[in-house]
Amino acid sequence: MSRVNLLDFDLSGLAGFFSEIGEKPFRARQVLRWLHQYGVDDFGQMTDLAKSLRARLPEVAEIRPPRLVHEQLSADGTRKWLLEVGPDNRVETVFIPENGRGTLCVSTQVGCALECAFCSTGRQGFNRNLSVAEIIGQLWWANRAMGRDPKGERLISNVVLMGMGEPLLNFDNTMTALSLMLDDHAYGLSRRRVTVSTAGIVPAMDRLREVQPVALAVSLHAPNDALRERLVPINRKYPLEALMAACLRYLEHAPRDFITFEYVMLAGINDQPEHAEQLLRLTRDVPCKFNLIPFNPFPDSGFKRSSAETVRRFAQRLMAEGRISTTRRTRGDDIDAACGQLAGQVHDRSRRVSQRIHLLKELPA
Ligand code: SAH
């Protein structure tokens, strides 16, 4: 019989597991604390469980986080972990220290199927969804590595699902992982400090609002449909009007009273004064904050980063209308840990059209 991986369960899943093996459901709370608060990977250490249960658990269950391949430390304190998720596949997770808080950037898929033009993960194709254990396993590893500050506070105070993949296309596993992040018996993070970032999967944004409302970031990147279709192809399916309406619906239940719009600054493409004007008009009725992300280059991307002066002027135009705009500082780029640079290793099994064309070109005539 194959053993179940306890890192795949949130509290209710674990309670279900214990009742299935004839144990009291309250064991779930105890075990969840050992797994996620103490980072234990050995049943023998769970000292408040009966000896007989400790002996029996390894026969039916295991604690199997993704395998840690290596860890890198950037000059600015950013850390990156490369985790193996099955043969040929690796994902990356990044810790970004900031004054008084620390943010972990978590991946949800091996690769990504959305093919946003400026994203290096998108270039690598898509293999599969990560399991719950593989998503929460990133926080599990990072917590073990980072530990607590001298006051006993956890160093990881915020989680953003902005690593590799589109979280809302791996919906169920992402929801269970979110439930663990928020659970007081596991990581106990506040809803306001856990952010899902999406390229705009409209029906899934509605479900997220119902199932697990957390802070929401939307990767906007363009102020009109024609340009957005080029940069973020999923816009063909969910155009801007539908996306803006979904943002408004989300705000009815959101733990924060604004949506964050991410906007990657691409020289000469989406960074001109007319784009700022269009952006202001598009988002006029949506309570939001803009987060401008200077493009992080990667080989053969075909894009250039907007100049600091262009980014500054763009931000000023938004702020002149009373909008809040922050510009993301580039962190960890010396270890390829900046936004859009996470590559891991993806064994592409997708049937993306562009991928097939690429393969056809390589075939001998
Ligand atoms: N699929 C989700 C989350 C992953 S991407 C989403 O689209 O939101 C996290 C953020 O990094 C997104 O806003 C994405 O558009 C941005 N990004 C991707 N490639 C980038 C690059 N090369 N430079 C800067 N930001 C990039």
Side-chain angles (χ1 to χ4, degrees), residues 5-10 32-42 63-85 89-110 121 130-165 167 170 173-174 176-191 193-197 214-215 331-339 341-345:
N5 184 359
L6 295 192
L7 294 179
D8 274 322
F9 293 130
D10 63 0
L32 211 65
R33 282 201 289 265
W34 284 114
L35 294 176
H36 297 288
Q37 296 196 341
Y38 301 107
V40 158
D41 58 2
D42 171 8
I63 304 165
R64 189 160 42 84
R67 194 176 73 80
L68 181 62
V69 181
H70 74 99
E71 182 184 23
Q72 275 174 288
L73 179 61
S74 156
D76 67 12
T78 301
R79 281 170 189 241
K80 182 168 88 167
W81 294 274
L82 182 66
L83 300 171
E84 186 175 270
V85 287
N89 286 316
R90 290 165 175 201
V91 295
E92 296 183 315
T93 187
V94 178
F95 174 76
I96 307 142
E98 282 161 299
N99 292 343
R101 62 174 190 177
T103 301
L104 191 72
C105 178
V106 166
S107 298
T108 53
Q109 297 183 313
V110 186
T121 304
L130 292 179
S131 67
V132 176
E134 289 163 344
I135 299 172
I136 206 68
Q138 299 168 55
L139 184 51
W140 189 89
W141 270 120
N143 242 322
R144 266 172 62 130
M146 304 300 310
R148 292 170 190 261
D149 70 9
K151 280 189 265 161
E153 295 284 328
R154 280 224 167 110
L155 283 164
I156 298 172
S157 56
N158 297 54
V159 171
V160 293
L161 301 190
M162 291 185 190
M164 298 168 67
N170 181 11
N173 293 347
T174 296
T176 306
L178 286 177
S179 139
L180 283 165
M181 291 172 196
L182 302 175
D183 196 315
D184 284 337
H185 300 289
Y187 298 94
L189 294 171
S190 129
R191 272 182 200 286
R193 291 170 175 263
V194 175
T195 302
V196 166
S197 179
V214 290
R331 302 289 304 267
D333 54 346
D334 55 339
I335 56 168
D336 284 341
C339 303
Q341 291 185 322
L342 296 191
Q345 181 186 336

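Heavy atoms only: backbone and side chains are in, while hydrogens, waters and symmetry mates are out.
Nearest heavy-atom pair across Gly165 and Pro167 is O-CD, 3.5 Å. The two residues Met164 and Ser107 make their nearest non-hydrogen contact at N-OG, 2.9 Å. The two atoms that bring Pro66 and Ala133 nearest to each other are CD-O, 3.7 Å, heavy atoms only. Pairing each heavy atom of Leu104 with each of Ala142, the nearest pair is CD1-CB, 3.6 Å. Annotation for Lys80 and Glu92: closest pair NZ-OE2, 3.1 Å, computed over non-hydrogen atoms.
Using a 4.5 Å heavy-atom cutoff, the side chains of Leu161 and Met181 are in contact. Counting only heavy atoms from C-beta outward, the side chains of Pro65 and Leu7 approach each other to under 4.5 Å. Put simply, the side chain of Ile96 does not reach to within 4.5 Å of the side chain of Val160, judged on heavy atoms. When side chains are defined from C-beta on, Thr78 counts as touching Pro97, because their heavy atoms get closer than 4.5 Å. With contacts defined as side-chain heavy-atom distances shorter than 4.5 Å, the pair Leu139/Thr93 does not qualify. Tyr187 has its side chain within reach of Ile136: a pair of non-hydrogen atoms, C-beta onward, lies under 4.5 Å apart. Counting heavy atoms from C-beta on, the side chains of Gln138 and Leu130 come closer than 4.5 Å. Put simply, the side chain of Val110 reaches to within 4.5 Å of the side chain of Val85, judged on heavy atoms.
Under the 4.0 Å criterion applied to side-chain N and carboxylate O atoms, Asp183 and Arg33 are not assigned as salt-bridge partners. Look at Arg79 and Glu71 and you find a salt bridge, because one of the NZ, NE, NH1 or NH2 atoms lies within 4.0 Å of a carboxylate O, short of that distance.
Counted by atom type alone, Asp10 and Ser179 present one or more donor-acceptor pairs between their side chains at under 3.5 Å.
For Leu68, the side chain to side chain contact (heavy atoms under 4.5 Å, CB included) partners are Trp81, Leu83, Trp141, not counting sequence neighbours. Take Asn89 and apply the side chain to side chain donor-acceptor pair (under 3.5 Å) test, not counting sequence neighbours, and it matches Asn127. Taking Trp140 as the reference, nothing meets the side chain to side chain donor-acceptor pair (under 3.5 Å) condition, with sequence neighbours excluded.
The line from CZ of Phe95 to CG of Leu155 is 5.5 Å long, rounded to the nearest 0.5 Å. We find the OH-CG distance between Tyr38 and Asn143 to be 12.5 Å, quoted to the nearest 0.5 Å. Separating the CG atom in Asp8 from the CG atom in Asn173 is a distance of 7.5 Å, to the nearest 0.5 Å. Rounding to the nearest 0.5 angstrom, the gap separating the CE atom in Met162 from the OG atom in Ser197 is 4.5 Å.
Just one residue in the list Thr195, Leu189, Leu182 forms a side chain to side chain contact (heavy atoms under 4.5 Å, CB included) with Val214, and that residue is Leu182.
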Test side chain to side chain contact (heavy atoms under 4.5 Å, CB included) on Leu180 and Leu32 and set out the steps.
CA-CA 9 Å; Leu180 283 165; Leu32 211 65; 3.7 Å; yes
Audit row: Asn158, Val194, side chain to side chain contact (heavy atoms under 4.5 Å, CB included) steps and yes/no:
CA-CA 6 Å; Asn158 297 54; Val194 175; over 6 Å; no
Test log, rule side chain to side chain contact (heavy atoms under 4.5 Å, CB included), inputs Leu178 and Val196
CA-CA 9 Å; Leu178 286 177; Val196 166; 4.1 Å; yes
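Around CZ of Arg154, the count of heavy atoms belonging to other residues, nucleotides or ligands within 6.0 Å exceeds 12.
Arg67 contributes no side-chain N or O that, together with a main-chain N or O of Glu84, makes up a donor-acceptor pair within less than 3.5 Å. A side-chain donor-acceptor contact under 3.5 Å links Glu134 to the backbone of Ser131.
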